[in-house]
Novice: 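I'd like to ask you about the structure that follows.
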Amino acid sequence: MSETRRQALKILGTLTATCAFPFASDELYGQHVMLVPGQTPAAAGPYKPLFFTPAEYSVLSRLTDVIIPETGTPGAVRAGVPEYIDRVVSVNTEHQPLVRAGLSWLVAEAGRRFSREYGALDEPQHIALLQPLSDAIDKEARDQQQARYREIPGGRVYYFAVNDATPPARPAVAVQNDPSDPRMPIRFFRLIKNLTADGYYTSRVGLLEELGYAGNTYRANFPQCSVAEQ
Amino acid sequence: MQQETFDVVIVGSGAGGGTLAAHLARQDVRVALVEGGPRVDTRTDFNTHALPFEFPNRQIPAMRPGKEGFDTERSRGVGGKTMLWNAVALRFSQRDFKGRTYDGAGEDWPVDYKDIAPYYERIEREVGVCGNRDGLDDLPDGVFLPPVPLKCSDEILKRAAASLGARLVHVRKATLTVPMNARPACHFCGNCMAGCDVAAKYNSADVHIVPAEKSGRVTVFHDSIVREVLISDENRATGVRYFHRVHKQEGEVRGRLVAVACACAQSVALLLMSRSRRYPNGLANSSGQLGRHFIPHFTGGIECVLEDLRGKQPTNDEGFLDHGYLPSFVHRNKARGYARSFGAQFNYQNHRFAGWAKTLPGFGTAFKERVKAAYPAILDFTPYGEMLPNPGSYIDLDPDRVDKFGLPLARRHVRWGDNDQKLFNDMVQWSLRILERAGAEILTVPAAPATNHELGGCRMGDDPRTSVVNRDCRTHDVANLYVVDGSVFPSASEKNPTHTIMALAARAADHIAGRMKRGDV
């Protein structure tokens, strides 16, 4: 089999061939067929959210596109992220009250600070709303990492103590999602950022177009590295 | 079929059970291989080449639509965990077998490297192990197929490690780099742990079990979940009782000898479930040692970005996952302040998922650019350490909870000891030192040790009061009952265990076949 033919058997094609000969690797490689047609919402008609109301879904969609906007490549909405988040949240009863509270908080903040509908905010206003939340979760993550080190004479070392092995108990769900909890918006933003990033970078757009994933192909040999010599 | 009495009944068809079955069959022993899961075909049944966006929830299931298997720990499939393993195949060294002698803690094995070495070689010759002959005392060389070139990230790490006195080598894997015995060479698609669809990577079904079935001396009872090892009034194992995975019908397989090879926790669980008047606390447990000395490896994965590769064009460098290995080096330092050692694996995640992306700071265009620049440079570096046995680390049966078959769940209890803590902290510290020298930005360090490679529970030893099986994997209590898997390890080494499990199985096969020939069973 020629190298070109082998390349043609890359899995992203639609080959349906399977082969009865055991170990005939070249023929078998490429057996894989896409199980769903990927993300083509246009072809399938508009997605009907399972959990969110139409108003919530519209706020959520705009929010995900602020987190991962359109650049040279599509942003979160065109990558199908809102649909992914709706599917995840629809089966996760812990997420549901937090996401609902967070979205209505966003709408209220838009009104309170800018006297506007959320959908009518401009870019600096979106950033003004989200930046403090983003800074807060980044600081928490940094602090959490720093807490894994101890200062000793002569420097800083990683330190795991046996006595610290039991993680602190998580607050009950009802407490976590209390709308009057001042930390609710921060927790909401962390959840939505995580879901947006996960949804985007596992999408066809995110993984193939944006990141340029190049694996999952047949190659006859593994090349020697040339980059490290630079 | 149920009237037939086999020479040997083996429970479990992974690296231990599959190897044992094939090696017994070659010596004219008639084997029944009893596996709780269905037959699976590595060529067609796994989602080897799927990408996450094919699934609405972005999670890739192990099996293709309509294919069964690998849904519970108790019922995987013919081939067991070798269907989805990463194939690292390292020989243990004399230090690994004699840890107590070397640094005064834990246990020695009752066997030496020289006892196991011929079986390592036999396994390498029949399954194919690639690697480089590095001449290291602590990582013995074997009979290797050609190694695979290191990745760029490996080369960067190699230079960093060398500058700190540690030598990074080519990984050794039971994956073919040249065709062998009608199996093709690896094609570097990077999906080893999603089921190798050409069997270039060793799995016990294709390499050991199916060929042995063709000899007519191995009969596979798949979908047969063993709930009890049967024992006679004369203290002899007589077979196993099972029920069918789907229609639940009960049955028995009879044999002159029984070998339990269901992987660490499930082997312990099966023996604990096999209670009788003679063994009220579990079969072969007169010592009370069954389930104790549970010594899984502990890991501490670090996620980082290599500055030399940041912002580069992504390349197709998944290869067969990890191409390099950092063997133990701290054991040479007698003043390190703890017993045992660690080695490190890295680059064994493929790049279909970028779960780390969400940990990068910010949002918007800057966040998107940050993720894209990090993507070709992301590196997971995971040191593996050896745990010492302690009374707080053991396996038992859950008194309250059962699995979907109504059988009690196996519970793992792990308590970290003082030595574990020292070793864990030092191995993470060394890893950070190497990564900093390699010019890496550290994204995350571990919060606590994580367990991997479950070992122990049916400890091997010469003293029946402190161990479950003897040096031949035979239980001290029952002369025709064997345990052949990772549960017999009296000490774990820091090296991946599967090669040693296979070598022990080949050795146990010689021993059992010898007894059969002598009419000793």
Side-chain angles (χ1 to χ4, degrees), chain A residues 11-12 18 22-23 25-26 28-29 31-32 34-36 38-39 66-69 71 84 87-88 127 130 134 138 141 145 148 157-162 164-165 167 193-194 197-199 201-204 207 210-228 230, chain B residues 43-44 48-58 65 148-152 155-156 182-184 187-191 197-199 308-309 312 314-316 318-319 350-355 357-359 361-365 368 371-372 375 416 421 424-425 428-429 432 444-445 447-449:
Chain A
I11 62 95
L12 293 179
T18 54
F23 302 123
S25 64
D26 288 359
L28 278 160
Y29 194 78
Q31 56 157 315
H32 184 73
M34 287 294 184
L35 301 176
V36 297
Q39 288 162 343
V66 175
I67 295 172
I68 301 188
T71 53
Y84 163 76
R87 287 181 188 280
V88 172
I127 290 169
L130 298 186
S134 177
D138 291 345
Q145 287 294 312
R148 295 177 188 168
V157 291
Y158 174 85
Y159 190 77
F160 161 75
V162 166
D164 298 346
K193 179 185 167 181
N194 288 355
D198 282 348
Y201 293 110
T202 53
S203 71
R204 180 191 293 271
L207 186 62
E210 169 67 10
L211 295 180
Y213 174 68
N216 209 8
T217 63
Y218 182 99
R219 59 194 315 172
N221 293 295
F222 192 85
Q224 294 284 343
C225 170
S226 52
V227 174
Q230 291 171 4
Chain B
R43 282 162 287 277
T44 53
T48 308
H49 294 290
L51 292 174
F53 47 78
E54 296 171 48
F55 307 90
N57 67 0
R58 309 295 167 76
V148 174
L150 295 177
K151 301 179 184 185
C152 289
E155 296 284 3
I156 294 167
R183 292 162 58 207
H187 57 244
F188 306 114
C189 73
N191 296 316
D197 65 349
V198 298
D308 285 353
L309 299 177
K312 293 270 193 277
T315 56
N316 178 8
E318 297 198 318
N350 81 4
H351 303 307
R352 291 186 291 187
F353 290 93
K358 57 182 172 282
T359 67
F363 65 98
T365 308
K368 199 175 171 185
V371 174
K372 187 176 171 64
Y375 186 61
W416 304 118
Q421 181 195 348
F424 178 76
N425 284 343
V428 174
Q429 198 59 38
L432 290 168
T444 53
V445 294

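A quick note: this is a predicted structure, and the numbers were derived from the prediction, not measured. So that the names make sense, note that chain A is the first sequence line, chain B the second, and so on, each numbered from 1.
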Novice: Give the minimum heavy-atom separation between B:A354 and A:Y201, together with the two atoms involved.
Specialist: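 That would be CB-CB, 4.2 Å.
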Novice: How many angstroms lie between CD in B:E155 and CD in A:Q224, if you round to the nearest 0.5 Å?
Specialist: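 CD of A:Q224 is found 7.5 Å from CD of B:E155.
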Novice: Using 0.5 Å steps for rounding, measure from the CZ atom of B:R352 to the OG1 atom of A:T202.
Specialist: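 The distance works out to 12.5 Å.
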Novice: Please classify the contact of A:V157 with chain B as side chain, backbone, both or neither, using a heavy-atom distance under 4.5 Å.
Specialist: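 For A:V157, backbone and side chain are both near chain B.
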Novice: Do B:Y375 and A:L207 have side-chain heavy atoms sitting under 4.5 Å apart?
Specialist: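 The answer is yes; the side chains approach within 4.5 Å.
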Novice: Taking A:D198's backbone N and O only, do any of them form a donor-acceptor pair with B:K358's side chain (distance below 3.5 Å, no angle check)?
Specialist: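 Absent.
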Novice: Select one option (side chain, backbone, both, neither) describing which atoms of B:L150 are under 4.5 Å from chain A's heavy atoms.
Specialist: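 For B:L150, backbone heavy atoms alone lie under 4.5 Å from chain A.
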Novice: Report which part of B:V148 has an atom under 4.5 Å of a heavy atom belonging to chain A: side chain, backbone, both, or neither.
Specialist: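 Only the side chain of B:V148 comes within 4.5 Å of chain A.
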Novice: Are the side chains of A:N216 and B:H49 in contact, using a 4.5 Å heavy-atom criterion?
Specialist: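 Yes - at least one pair of side-chain heavy atoms lies under 4.5 Å apart.
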Novice: Looking only at heavy atoms and a cut-off of under 4.5 Å, which of B:T444, B:L432, B:N350 has the most pairs with chain A?
Specialist: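 Sorted descending by pairs with chain A, the first entry is B:T444.
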Novice: Please classify the contact between A:A214 and chain B as side chain, backbone, both or neither, with a heavy-atom cut-off of under 4.5 Å.
Specialist: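 It is both, since atoms from each part get that close.
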Novice: Given side chains that start at C-beta, do those of A:Y84 and B:F53 come closer than 4.5 Å, heavy atoms only?
Specialist: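 In short, these two side chains do not touch, never coming nearer than 4.5 Å.
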Novice: List in chain and number order the residues that pass side-chain hydrogen bond (donor to acceptor under 3.5 Å, both in side chains) with B:K372, two or more places apart in sequence or in another chain; answer none if no residue qualifies.
Specialist: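 With neighbours one apart ignored, the set is empty.
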Novice: Who passes side-chain hydrogen bond (donor to acceptor under 3.5 Å, both in side chains) against A:Y213, sequence neighbours left out?
Specialist: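 Partners of A:Y213 under the side-chain hydrogen bond (donor to acceptor under 3.5 Å, both in side chains) test: B:E318.
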Novice: Taking all atoms of both residues into account, what is the closest heavy-atom pair of A:P223 and B:P149, and its distance?
Specialist: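 Minimum heavy-atom contact is O-CB, 4.0 Å.
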Novice: With respect to chain A, which residue among B:T365, B:N57, B:V445, B:V371 yields the maximal number of heavy-atom pairs within a distance under 4.5 Å?
Specialist: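 Of the options given, most contacts go to B:V445.
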Novice: Mind checking whether A:F160 and B:W416 have side chains closer than 4.5 Å, heavy atoms only?
Specialist: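 Yes, their side chains come closer than 4.5 Å.
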Novice: Quick check for you: among B:A357, B:P449, B:P314, B:A447, which has the greatest number of heavy-atom pairs under 4.5 Å with chain A?
Specialist: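 Ranked by heavy-atom pairs under 4.5 Å with chain A, first place is B:A447.
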Novice: Calculate, to the nearest 0.5 Å, the distance between atoms NZ and OG1 belonging to A:K193 and B:T359 respectively.
Specialist: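 A:K193 atom NZ to B:T359 atom OG1 measures 8.0 Å (nearest 0.5 Å).
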Novice: Testing the basics here: between A:Y158 and B:F424, what is the closest heavy-atom pair and its distance to 0.1 Å?
Specialist: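 Taking A:Y158 first and B:F424 second, the nearest heavy atoms are OH-CE2, 3.3 Å.
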Novice: Testing the basics here: between A:Y159 and B:Q421, what is the closest heavy-atom pair and its distance to 0.1 Å?
Specialist: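 Scanning both residues completely, I find the closest heavy atoms to be OH-NE2, 3.5 Å.
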Novice: Do B:N316 and A:R219 have side chains that get closer than 4.5 Å, going by heavy atoms?
Specialist: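 Yes. Closest side-chain heavy atoms under 4.5 Å.
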Novice: What part of A:L211 is in contact with chain B, defined as an atom under 4.5 angstrom from a non-hydrogen atom: side chain, backbone, both or neither?
Specialist: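 Its backbone and side chain both get close to chain B.
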